[in-house]
Amino acid sequence: MADAVVAPEYLNRRRFLAALATGAGGLALPGLLAGCGTGSTVAGGSPLNTVALADNFGPFDPISATTIESVVLNYHLFEGLVDIDQTTRELYPALATGWPRQLSPLRYRVQLRPGARFHDGTVVGSRDVVFSIDRTRHDASSFFAQFIPYLDHAEAVDDHTVDIVLTEPSSLVNEALTQIRVVPEHYVRSAGAGALAAAPVGSGPYAFVDAQTNRSVLMRRAGTYNGPRTGRLDDVTFSIVSDNPVRISALRSRAVAAIESPSDFDLDVLRGAGFAVDQRPGMLMSFLMFNCASGPFGDPRVRQALHYAIDTERVVELAFAGNAAAPSSYLPSNHPAHVAVRRQYGHDPRRARQLLADAGFPDGLRFRLHVYDTGWNKAAATVVQQNWADVGVEVEQLLGGENLYADVYGGTYQAMIAIADQSVFGWDANTLLSWHYGQTWPTQLFYWSAPQRQQILDLLATARSSGGDPQQQAWASVQEIIAEQVPLYPIAHREVITAYDPRRLASFQGISVGGLDVRGAVPVAGAR
């Protein structure tokens, strides 16, 4: 094992904040939740209608669009029968005229919105819905099938009526339908899924025009749209600007009207210059993940010890300028299914040392720590490294982006501090808990095969098929197990921050996930 990097002494707060003031926000695992943009300039387009994203987008095909940027961009291009408002977290009927009507424990009926058309002018019909549900649920390339195992298929009753058929009774039918974007069957069958991924055709308020990787996405208002989330800009350019100072400069120089993820340490400056800063609590987090098949990390006492050693309040202060919260559970405190779990990881170095000794490491540990390379995540890792040094744990930090994940997927890493926000896929507890603790991550990323893993899967199945108190109790039990086992657990839940110019955009709001949603935004009259 390589020699450990000696943890630096604590920087004072002023020096620490100054050193981190240029940090950019980021996302998570590539292919699962993140992109890594390289844009350092602003793409062309009218400054009134240009907004700056912090990361690159991926494929637009709704069954394989798993980067935060692509999912949020797809809000503009596609619709579901039911959609989620990522500002309020409320569900609303989109392509459906109302909520699904239950016909039996396993069958629900949905009426489609009259006059709905795809951007190529064709009518949205029941066959398109049946096709879209089938490929989301059963196509081998579908990422979203894992969240909705209780939804089996759909049947066309007539041209504008669809029946949704379940495999088992569930109270989460509306939530399941938010996972499905409706696509034109004729386009996918004739042009192929690759065409849909590169040149999407949907029924949303904006129509796709062009996309350049690491550069920009251009959309125009769809004249065919007659749904509840109307586009108000004639066109919009989403510019990819991964460098935080460049995004800040673009907003202040009025090259763009809004930006996502400004540095926590630039917010007062922006407010002082007349810009609006929108801060929302959510699921966005820095998390600590262990390779549970590697050395000491298969022992939960070691994993617990490393969490007890972390001064999460200091992480919140130094890495996030207070714009975050120390976790009291895996789910953030503003989630309706959140419970404050019994095992709370307050800063307790003495307990950390004792757990390490009990696990056979009285002299501490040395290991490699992979750190996803964004400003605030690196800042969090710096504080964590110092905390661990105080209990005899030395780490060698390996900083990087996508290059780190060869080690993760190959199972050769030891521990990692990374970033995630799965709430882009939905706010229901089933989706959030299934993301890290369903079928994929335990097997392919943190290599956790303890009996408690099956307990979690069984509890998630119980929650899907129940409602009320039994459902809430099942989700609470999942959170208790996660807090006890901590193969992957948050270090801090960060607020989602958006900045924009209210002198140029009206009716604009930040959302509770990464990315930018311009549906409903209106240019201010006379703005230049």
Side-chain angles (χ1 to χ4, degrees), residues 1-11 285-315 318-319 326-327 330 343-373 377-400 404-419 436 441-442 445-450 452-453 482-492:
M1 180 180 296
D3 291 338
V5 175
V6 178
E9 295 182 0
Y10 276 128
L11 300 173
M285 61 179 167
S286 281
F287 65 84
L288 174 59
M289 176 175 68
F290 300 99
N291 181 347
C292 297
S294 174
F297 303 116
D299 190 330
R301 292 173 297 183
V302 172
R303 304 193 297 262
Q304 291 171 358
L306 293 172
H307 275 284
Y308 278 119
I310 298 173
D311 187 343
T312 52
E313 297 295 340
R314 195 167 182 85
V315 171
L318 293 179
Y330 172 82
R343 186 178 291 275
Q344 292 292 318
Y345 290 98
H347 187 217
D348 193 340
R350 181 178 178 180
R351 192 169 188 181
R353 292 188 193 96
Q354 186 60 57
L355 282 166
L356 288 173
D358 292 346
F361 301 97
D363 300 322
L365 290 170
R366 297 174 69 186
F367 59 89
R368 297 184 308 277
L369 177 69
H370 286 54
V371 177
Y372 190 78
D373 191 3
N377 199 55
K378 287 189 294 184
T382 298
V383 180
V384 169
Q385 183 178 12
Q386 175 65 63
N387 291 154
W388 285 347
D390 292 342
V391 298
V393 174
E394 296 182 348
V395 298
E396 174 192 7
Q397 280 197 30
L398 302 179
L399 294 172
L404 296 180
Y405 299 110
D407 291 345
V408 175
Y409 287 110
T412 58
Y413 83 106
Q414 294 179 288
M416 185 175 194
I417 293 179
I419 303 168
H436 281 141
W441 281 67
L445 290 105
F446 51 88
Y447 306 96
W448 184 53
S449 58
Q452 289 84 356
R453 183 192 172 197
I482 292 172
E484 285 291 323
Q485 295 294 311
V486 287
L488 183 154
Y489 203 67
I491 297 170

Evaluate the criterion side-chain contact (heavy atoms from CB on, under 4.5 Å) for residue pair Q485 and C292; output intermediate values, then yes/no.
-> CA-CA 10 Å; Q485 295 294 311; C292 297; over 6 Å; no

Could you tell me how the ring of Y413 sits relative to the ring of Y447: parallel (under 30°), tilted (30 to 60°) or perpendicular (over 60°)?
-> tilted

I would like to know whether V408 and M289 meet side-chain contact (heavy atoms from CB on, under 4.5 Å); could you show each step before the answer?
-> CA-CA 10 Å; V408 175; M289 176 175 68; 4.2 Å; yes

Evaluate the side-chain proximity of V486 to P300: yes if any heavy-atom separation is below 4.5 Å, no if none is.
-> no

May I ask you to decide if R453's main-chain N or O and W448's side chain share a donor-acceptor pair within less than 3.5 Å?
-> no

Over all heavy atoms of both residues, which pair between T312 and A326 is shortest? Give the atoms and the distance, please.
-> OG1-CB, 3.4 Å

The reported gap from CG in L488 to CH2 in W441 (rounded to nearest 0.5 angstrom) is 6.0 Å

Sidechain N-carboxylate O distance under 4.0 Å for E396, R368 = no

Interatomic distance, OG@S286 vs CD1@I419, rounded to 0.5 Å, equals 5.0 Å

Value for CZ (R366) from CD (E394), rounded to nearest 0.5 Å, stands at 5.5 Å

Decide if the gap between the ring center of F446 and the ring center of H436 is smaller than 6.0 angstrom.
-> no

Side chains of L356 and V393 in contact at under 4.5 Å (non-hydrogen atoms) = yes

Would L306 and F297 count as a side-chain contact (heavy atoms from CB on, under 4.5 Å) if you check the C-alpha gap in whole Å, the side-chain angles of each, and the deciding distance to 0.1 Å?
-> CA-CA 10 Å; L306 293 172; F297 303 116; 3.9 Å; yes

Determine whether Y489 and H307 make a side-chain contact, defined as any pair of heavy atoms from C-beta on separated by less than 4.5 Å.
-> yes

Distance, nearest 0.5 Å, that separates CD1 of I310 from CG of N387 | 7.0 Å

Least distance between heavy atoms, A380 atom then V315 atom = CB-CG1, 3.9 Å

Please report the shortest heavy-atom distance between H347 and A309, naming the atom on each side.
-> CD2-O, 3.2 Å

Is the backbone of A483 close enough, under 3.5 Å, to the side chain of Y345 for a donor and an acceptor to pair up by distance?
-> yes

Just wondering, do I491 and F287 contact through their side chains at under 4.5 Å, heavy atoms?
-> no

Is it the case that Y308 and R353 place a side-chain donor and acceptor less than 3.5 Å from each other?
-> no

Check the pair L404 / M416 against side-chain contact (heavy atoms from CB on, under 4.5 Å), numbers first and verdict last.
-> CA-CA 9 Å; L404 296 180; M416 185 175 194; 4.2 Å; yes

Would you call the rings of Y372 and Y405 parallel, tilted or perpendicular if under 30° counts as parallel and over 60° as perpendicular?
-> tilted

Residues two or more places apart in sequence or in another chain: which of them pass side-chain contact (heavy atoms from CB on, under 4.5 Å) with A406?
-> none

Indicate yes or no for a side-chain donor-acceptor contact from Q304 to the backbone of L355 under 3.5 Å, with no hydrogens or angles considered.
-> no

When rounded to the nearest 0.5 angstrom, what is the spacing between CD1 in I417 and CD in Q397?
-> 7.0 Å

For the atom pair CG (L369) and CG (L398), what is the distance rounded to the nearest 0.5 Å?
-> 7.5 Å

Using atom types as modelled and distance alone, determine if a side-chain donor or acceptor of R351 lies under 3.5 Å from a backbone N or O of A305.
-> no

Which residue pairs satisfy the salt bridge (Lys or Arg N to Asp or Glu O under 4.0 Å) criterion with at least one member in residues 291-301, sequence neighbours excluded?
-> D299-R301

When you measure from the side chain of D373 to the backbone N and O of L399, does any donor-acceptor pair fall under 3.5 Å?
-> no

